[in-house]
Amino acid sequence: MGLPEGFRWGVATAAYQIEGAVDEDGRGPSTWDTFAHTPGRVRDGHTGDVACDHYHRWPEDVALMSGLGVGAYRFSIAWPRVQPSGSGPVNAKGLDFYDRLVDGLLAAGISPAATLYHWDLPQPLEDAGGWLERDTAYRFAEFSYLAAERLADRVDMWITLNEPVVVTAYGYAFAVYAPGKALLMDALPTAHHQLLAHGLAVTALRSRNARAVGLTNHYSPAWAATPADQPAADAFDAFMNRLFTDPVLLGRYPDLMGDAPYIRSADLSVIASPIDFLGVNYYQPTRLATPSEGPLPFDMVDITEYPTTGMGWPIVPDAFLSLLRTLDARYDLPPLYITENGCSFPDEVGADGTVDDSSRIEFLDAHIKAMRTAIDEGIDIRGYFAWSLLDNFEWSEGYHPRFGLVHVDYETQKRTPKKSYAWYRDLIASS
């Protein structure tokens with residue numbers, strides 16, 4: 001079987017990772033600005049202040065996408081650009097930037113796919129409690145309405161949230177990402193409030209005639225270290241893979257949420273508002289063991305029998321296929337989009353001016369083949385977005401990991417397409 005008609009090949013980025021210009025045209029501070037400027041939080045003190053300077057260089061980056069032949073570009077809209085304080089009137093200059101970007105994409109024949117929340121919460125909202133507070137969900141719905149009011153006539157896909165599990169786990173439970181709180185299981189209210197924000201945003205987007213609305217989750221197949229460790233793997237699966245999908249597609253939470261007092265009677269019906277697609281982000285599986293101590297119901301165990309990426313993540317394309325099969329068996333799925341899939345390697349520009357990233361080509365090729373097997377088996381997958389177009393600010397690891405199809409010299413901002421760029425271009429052309 002071939003790819004379904006209208007299948008979209010794309011690339012993906014996120015605002016704080018590439019835009020820079022953090023204090024231009026009325027943008028307010030985000031939690032990531034605060035976090036990155038806090039000593040010891042980000043490797044080598046790196047920040048997103050300049051990043052890839054995409055805010056000024058977006059025409060060059062759209063030209064790179066055009067050269068790839070992609071049909072779609074997934075980007076995120078920085079909430080602090082649109083509403084610097086997280087509420088109140090719109091900052092027109094902030095939306096002007098996305099107006100220009102969307103028009104530039106359409107002129108190049110590239111479909112815009114906008115993510116509304118890729119982790120850059122306006123700092124004033126965090127100061128008021130952030131995702132621990134129910135009110136943040138209502139503020140997000142307001143922001144979603146304002147963005148759609150300006151852009152819904154031209155944006156083809158809207159993603160409400162990107163990987164809310166990462167915000168809950170890394171941001172509020174383990175203090176690895178912004179806002180840097182270590183609440184452990186007391187971080188669970190942030191899961192519910194993000195999901196409520198998603199449901200409210202779906203309604204807001206539909207009120208502005210948004211064309212297609214969904215959300216993107218991070219998924220990691222849970223492997224038990226031994227048969228006796230299956231309960232630990234099941235607990236991880238409930239947290240990582242079910243917590244942000246069961247309520248949306250089944251209208252109920254997995255058992256780990258219990259009878260939480262912050263869940264109101266009508267909330268689940270809001271959260272389960274019908275969506276047009278589900279975004280799937282996949283990077284690696286996770287191996288789990290029975291916990292030796294501590295409050296968590298699992299311990300993570302290294303996976304050592306597979307090759308790894310530059311981040312040390314195991315490369316297991318078969319786990320990607322297994323994940324897609326599991327989602328298909330577990331839910332009555334809407335159409336799927338692979339909204340992120342990619343890898344980091346320590347890419348360098350060679351003496352001849354080229355970047356030979358053959359390991360990335362092998363990674364992408366194997367994972368795309370796994371996706372195509374899933375399509376052949378009847379799983380409804382409508383598109384694939386490679387992460388990422390550009391090398392960029394990789395959160396708490398700063399600028400050390402390189403995930404891009406295009407190498408970025410952060411001192412000069414020179415873009416150099418890697419060998420994988422040409423490979424992906426040829427794949428798209430042949431498909």
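- Relative orientation of the Phe140 and Tyr117 rings is perpendicular, given thresholds of 30° and 60° on the angle between their planes.
- Under the 4.0 Å criterion applied to side-chain N and carboxylate O atoms, Asp276 and Arg211 are not assigned as salt-bridge partners.
- For the atom pair Asp267 CG and Leu195 CG, the distance stands at 10.0 Å (nearest 0.5 Å).
- Aromatic ring centres of Tyr177 and Trp119 lie closer together than 6.0 Å.
- A tilted orientation is assigned to the rings of Phe403 and Trp313, their planes being inclined by 30° to 60°.
- No side-chain heavy atom of Arg139 sits less than 4.5 Å from a side-chain heavy atom of Gln83.
- A salt bridge links Arg360 with Asp347: at least one charged nitrogen is closer than 4.0 Å to a carboxylate oxygen.
- Between Asp365 and Lys369 there is a salt bridge, since a side-chain N of the basic residue sits under 4.0 Å from a carboxylate O of the acidic one.
- A donor-acceptor contact shorter than 3.5 Å is absent between the side chain of Thr245 and the backbone of Arg242.
- A side-chain donor from one of Thr168 and Thr190 sits under 3.5 Å from a side-chain acceptor of the other.
- Side-chain polar atoms of Thr304 and Asp302 form no donor-acceptor pair below 3.5 angstrom.
- A side-chain N or O of Tyr253 and one of His192 form a donor-acceptor pair less than 3.5 Å apart.
- Between the side chains of Thr31 and Glu126, not a single donor N or O lies within less than 3.5 Å of an accepting N or O.
- Ring centroids of Phe385 and Trp387 are separated by 6.0 Å or more, keeping the two rings apart.
- Ring centers of Tyr282 and His367: under 6.0 Å apart, within the cut-off.
- Taking the ring axis of Tyr337 as reference, the NZ or CZ atom of Arg74 does not stay both within 45° of it and closer than 6.0 Å to the ring centre.
- Judged purely by distance below 3.5 Å, without hydrogens or angles, the side chains of Asn162 and Thr115 never pair a donor atom with an acceptor atom.
- Between Arg330 and Asp246, no side-chain nitrogen of the basic residue sits less than 4.0 Å from a carboxylate oxygen of the acidic one, so the salt-bridge criterion is not met.
- Remark: the backbone N or O of Ala204 is paired with a side-chain donor or acceptor of Ser207 at under 3.5 angstrom.
- Judged purely by atom type and a 3.5 angstrom limit, Asp135 has no side-chain atom pairing as donor or acceptor with the backbone of Glu133.
- Below 30°, between 30° and 60°, or above 60°: for Phe393 and Tyr399 the angle between ring planes is above 60°, a perpendicular geometry.
- More than 12 heavy atoms of other residues, nucleotides or ligands shown are found within 6.0 angstrom of CZ on Arg100.
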